[in-house]
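Report on the following structure.
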Amino acid sequence: MAHLSRVIVLIDMDCFYCQVEEKLDPTMAGKPIAVVQYNPWRGGGIIAVNYPARDKGVTRHMRGDEAKRKCPNIVLARVPQVRGKADISKYREAGNKVAEVLQTFTNLLERASVDEAYLDITEAVEKRLNNESHNIDVDKLINTFVVGYADTKEFIRLANNNELFENNVKLAVGGLITEEIRAAVLEKTGYKCSAGVAHNKILAKLVCGLHKPNKQTILPHDSVSILYESLPVTKIKSLGGKFGKTLSEELNITFMSQLAHFSEKQLAQKFDDKTGRWLYNIARGIDNEPVTLRLISKSIGCCKQFPGRTALTATRDVKHWTSELASELSERLAKDQEENNRKGKQIVISFAQNDIHSSRTIPLNSYEQSKIAECALAVIDKFCQRSDGSYSINFLGMSVGNFQEINQKSSITKFFLNMSKKQKISDEKNIQDTESITAIPQKCSEAKEISALEEEPNNQTEDDASDLSIYSRTTEEMEMDSDDLIYYEDICPNSVSSEPIHCFTISSQSSEEMESSRRSSMQSFFAKYFGDKTNETQEEDQQGQTVTVRGPQPEEKIEVPEVERPIPMLSFRLPQNLNEENSVLCDVCNKKVKLVNFGHHMDFHEAKSASKQNSSPTATLNKYVKEAQSKAKVTAVKRKSTEKLKPISSFLLATDGLNESNSEVCLECSKRIKLCDIASHTDYHVAKKLHDEINARPLPKSIMPSTSKKKYPETNENGITKFLKKYPEL
DNA sequence: CATGGGGCATGC
DNA sequence: GCATGCCC
Ligand SMILES: Nc1ccn([C@H]2C[C@H](O)[C@@H](COP(=O)(O)OP(=O)(O)OP(=O)(O)O)O2)c(=O)n1
Ligand SMILES: [Mg+2]
Ligand SMILES: [Mg+2]
């Protein structure tokens, strides 16, 4: 049974921020504790509560004052305030310490949040089963619960007597190792944690929460049905939100066991293929999501809200907070560069006006605080500043991503340097491969200024290392070895990541394969991987269209012309008579697109087509001009492709310095509006209403992991489809 | 007025 | 590229 072959552990720290505070101030020990941020207003907002305080009814999201009322002797620890904002760096760093300990136990670790991580310990378990054939000592499972067994002893007794399926023996050994992991975490960091042990991530996560402070829980596969009988569907990760609710309502079910009564077809019909398949599997305790090697975050950001009256209106306030955020970000980026040998290439500037959130992405060329502040401010001014120079901003954020490795030494040099370094305990077989994974640098293309749509041309050279690599292996060989695949992201933090890489050949993964361009990377990867056969390989993609995987193409410089492009009138003025059509049919992809998103949607197409060889962006756009005008009934205006659309929220207006002679009171909001702004102000109200309506309506859609999306999973579980599904473009 | 700050994946 | 949903 393939889906029972793995042993997956989810480690989650207990009331983590509270533990961090307690360790720093041991006088708190044993007392009820909560961590708050921004103390002054009603005692601050609680974000973590320890177990004694939970017993008194204190919960997250409560105000500090309320917690004091419920639990008078509670200790309220405060999140450090730096530069006028809450700064959670200390908890992040504490989480890093924990992760370092976890790394010593497995080469397959996925950090899932500040305080939890998934570990695939299958190999460690199998190794132990091979080496030590003696019985499992139940005394070493003193903190372990087993779902479906009143007593852990009974489960172990059966396991030792060979009266259980081997999968359960694996889980029992997994429990043993997990006790060791948790003991090591406590010893090395002083923090307690809980754990779930199961055959997949979803179930490990689920059962971790079953026995929470300082305990661990094993879920044998045969106990899934018992567990599901009284388990609300909303307890499953990713079903806790809107989709989980509609799932329950649509199917008229409450518990997971009821979900299993539906066929895959029914579920696919109700929702979509991908979601249907995922739900069908999960209802049977099956989840094929791999533990993806990820030790560090893919983005580093900070943000702050300015609620109610505190909304930013004056230029100097906007400048001030932009500067403060840039300062924190700059500091954290510098540290990240030291620790992780990488540099972010993109920054996303986010803001909200009247609770309407928008964001704009721009290239990042410098980690210098002043540079970050400067470009952030330019964006904010461009999209938020009103005609009188004022603002109305209740949220600011900036987040850096698209990290690329900095390359000093050659990858080979660095690989051997790291080979000879530190060794870890537990599971030996792939340790060296693991070390190399974190060590392999990627090619770092110069931080040259590129337009958002421009792909960096790069020379696709036939590097020598490819002879040693997986690329020379056949598809069949790869499929046979699918169990040995490691899903990794660390080498390749961009979207190119997540290809499974064979353990043995990790070291041959030359830096030349890491390209700034998604397109060329995919092509070279495929071409080398599958050899000549690649050129004929045909598969069906998600939409059922036949796609042909092409071999490497001659280098082509992609021209990004200064395309004049139409945008919906909405971006600056709404049509007076809106019909109920909130969406238009995109002529490029034939999909329904919300009117408000149409401009950005075309940016999306342009970005995509820029990374393909054949399509001419101009031609596509010209076609769109016509269709958009007739179908969407919006007035097209011209915009340079390098310009970004104004968000809906830019309809906001100034309210100060106005009187009867130069202004009128808006019937809609009773605010005084400059005469010259009346037209666009009323447009704002229409836009806001439309925005609210659009965002209130849509039926919740599920966000399922990529592995459930394949159309023909049984026949193509591994090999080429694994790659194809990652690259729908192919 | 006002749970806030942070991160990930996905759809269009 | 941007918005959204889900989660910690
Ligand atoms: N909405 C949230 C949820 C969590 N956290 C922070 C504080 C928590 O301490 C930490 C870990 O989140 P958990 O959900 O794992 O909760 P705890 O670790 O606090 O408690 P538990 O013992 O239930 O895991 O993340 C947060 O800032 N905001
Ligand atoms: Mg926790
Ligand atoms: Mg957690």
Side-chain angles (χ1 to χ4, degrees), chain A residues 12-13 16-17 35-38 40-48 59-64 66 79 85-89 91-92 95 110-116 205 234 237-244 272 274-275 289 292 294 297-311 325 328 332 346 348-350 355-362 394-397 399 401 452-453 489 495 498 542 583-584 586 588-594 596-608 610 641 644-645 647-648 691 694-695 698 700-706 709 728:
Chain A
D12 186 294
M13 308 309 294
F16 188 47
Y17 289 11
V35 175
V36 298
Q37 51 188 8
Y38 303 122
W41 194 69
R42 295 186 20 175
I46 290 176
I47 57 173
T59 66
R60 182 146 41 223
H61 299 153
M62 232 171 225
R63 287 284 156 184
E66 196 181 346
V79 175
K85 68 176 279 300
D87 183 329
I88 63 171
S89 299
Y91 310 110
R92 228 182 260 119
E110 178 176 346
R111 288 200 67 183
S113 81
V114 67
D115 89 321
E116 66 201 72
K205 167 75 182 165
T234 53
K237 187 185 170 85
S238 90
L239 298 183
K242 297 181 187 182
F243 180 69
D272 60 54
K274 183 183 164 192
T275 306
E289 276 308 291
T292 305
R294 193 173 70 231
S297 64
K298 294 178 168 183
S299 63
I300 295 176
C302 59
C303 59
K304 174 153 180 60
Q305 296 190 184
F306 305 95
R309 258 201 214 345
T310 65
L325 290 174
E328 180 185 328
R332 286 168 53 197
Q346 261 187 344
V348 180
I349 309 300
S350 306
D355 291 326
I356 298 174
H357 288 246
S358 300
S359 68
R360 292 296 181 269
T361 309
I362 54 177
N394 56 13
F395 174 86
L396 280 182
S399 178
L453 300 173
E489 299 184 343
S495 39
S498 295
Q542 211 181 332
S583 300
V584 300
C586 173
V588 181
C589 61
N590 221 19
K591 278 180 177 162
K592 209 175 52 179
V593 180
K594 283 183 207 161
V596 283
N597 292 336
F598 203 44
H600 299 309
H601 179 75
M602 293 317 293
D603 286 342
F604 152 75
H605 278 306
E606 191 172 328
K608 273 207 150 176
S641 71
K644 306 208 182 216
L645 290 165
I648 276 195
H691 183 276
I694 284 171
N695 291 318
K701 284 193 172 176
S702 68
I703 310 291
M704 295 310 164
S706 51
K709 83 160 89 161

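Below, chains carry the letters A, B, ... as their sequence lines are ordered, and counting in each starts from 1. Only heavy atoms go into these numbers, but all of them, side chains included; no hydrogens, no water, no symmetry mates.
Look at K304(A) and you won't find any side-chain N or O under 4.0 angstrom from OP1 or OP2 of dG6(B). For dA3(C), the OP1/OP2 oxygens have a side-chain nitrogen or oxygen of S358(A) closer than 4.0 Å. In terms of phosphate contacts, R111(A) brings no side-chain nitrogen or oxygen within less than 4.0 Å of OP1 or OP2 of dG7(B). An OP1 or OP2 oxygen of dC7(C) is reached within less than 4.0 angstrom by no side-chain nitrogen or oxygen of R60(A). Distances shorter than 4.0 Å separate none of the side-chain N or O atoms of K298(A) from OP1 or OP2 on dG6(B). For the pair K242(A) and dT4(C), the criterion of a side-chain N or O lying under 4.0 Å from OP1 or OP2 is not met. At dC2(C), one or more side-chain N or O atoms of T361(A) fall inside 4.0 Å of OP1 or OP2 (strictly under the cut-off). Residue R332(A) places at least one side-chain N or O closer than 4.0 Å to OP1 or OP2 of dG7(B). The phosphate of dG6(B) (OP1 or OP2) has no side-chain N or O of S399(A) nearer than 4.0 angstrom. At least one side-chain nitrogen or oxygen of S359(A) sits closer than 4.0 Å to the OP1 or OP2 atom of dA3(C).
Counting only heavy atoms from C-beta on, Q346(A) has its side chain closest to dG1(C) among dG4(B), dC1(B), dG1(C). For K205(A), the side-chain atoms get nearest to dC8(C) when compared with the rest of dA2(B), dC8(C), dG5(B). Here the nucleotide nearest the side chain of A86(A), chosen from dC12(B), dG5(B), dA2(B), is dG5(B). Of the candidate nucleotides dC8(B), dC7(C), dG1(C), dC7(C) has the atom lying nearest to any side-chain atom of K237(A). Candidate nucleotides dT10(B), dG1(C), dG6(B) were compared by shortest atom distance to the side chain of K274(A), and dT10(B) ranks first. In the set dC8(B), dC8(C), dG1(C), the nucleotide with an atom closest to the side chain of E116(A) is dC8(C).
The 5' end of DNA chain B is approached more closely, in terms of each residue's nearest nucleotide, by C303(A) than by the other of S702(A) and C303(A).
Remark: side-chain polar atoms of R294(A) are paired, donor with acceptor, to backbone N or O of R111(A) under 3.5 angstrom. Between the R60(A) side chain and the A48(A) main chain, no donor and acceptor come within less than 3.5 Å of each other. Side-chain atoms of R360(A) come within 3.5 Å of backbone atoms of L645(A) as a donor-acceptor pair (strictly under, hydrogens ignored). Checked by atom type and distance alone, the side chain of R92(A) never pairs as donor or acceptor with a backbone atom of V114(A) at under 3.5 Å.
Atom-to-atom, OH of Y38(A) to C1' of dG4(B) comes out at 7 Å; the value is rounded to the nearest Å. One interatomic measurement links the two molecules: CZ of F306(A) to P of dG4(B), which rounds to 12 Å at whole-angstrom precision. Rounded to an integer number of Å, the gap from F395(A) CZ to dG5(B) P is 8 Å. One can place NE2 of H600(A) at 12 Å from P of dG1(C), the figure rounded to the nearest angstrom. In this structure, the CZ atom of R92(A) is 10 Å from the C1' atom of dG7(B), given to the nearest Å. Atom CZ in F16(A) sits about 16 Å away from atom P in dG6(B), given to the nearest Å. Taking atom NE2 on H357(A) and atom C1' on dG6(B), their separation rounds to 14 Å, with Å as the unit. Rounded to whole angstrom, the span from the CG atom of D355(A) across to the P atom of dA3(C) amounts to 15 Å.
R42(A) comes within 4.0 angstrom of no nucleic acid atom, judged by non-hydrogen atoms across all strands. Within 4.0 Å (heavy atoms only), F243(A) reaches sugar-phosphate atoms of the nucleic acid but no base atom. If you check every strand for non-hydrogen atoms under 4.0 Å, E328(A) touches sugar and phosphate atoms only. Heavy atoms of L239(A) sit under 4.0 angstrom from primed sugar atoms or phosphate atoms, though from no base atom. Among the heavy atoms of the strands lying under 4.0 Å from I47(A) is at least one base atom, whether or not backbone atoms are also near.
Judged by centroid separation below 5.5 Å and plane tilt below 30°, W41(A) stacks onto the base of dA2(B).
V588(A) has its side chain out of reach of H601(A): every pair of non-hydrogen atoms, C-beta onward, lies at least 4.5 Å apart. Residues Q305(A) and T310(A) have side chains not in contact (no heavy-atom distance under 4.5 Å, counting atoms from C-beta outward). At least one side-chain heavy atom of V36(A) sits under 4.5 Å from a side-chain heavy atom of I46(A).
Side-chain to base pairing of Q305(A) with dG4(B): no donor and acceptor N or O lie closer than 3.5 Å to each other.
dC7(C): Watson-Crick or G-U partner is dG6(B), with both key distances under 3.5 Å.
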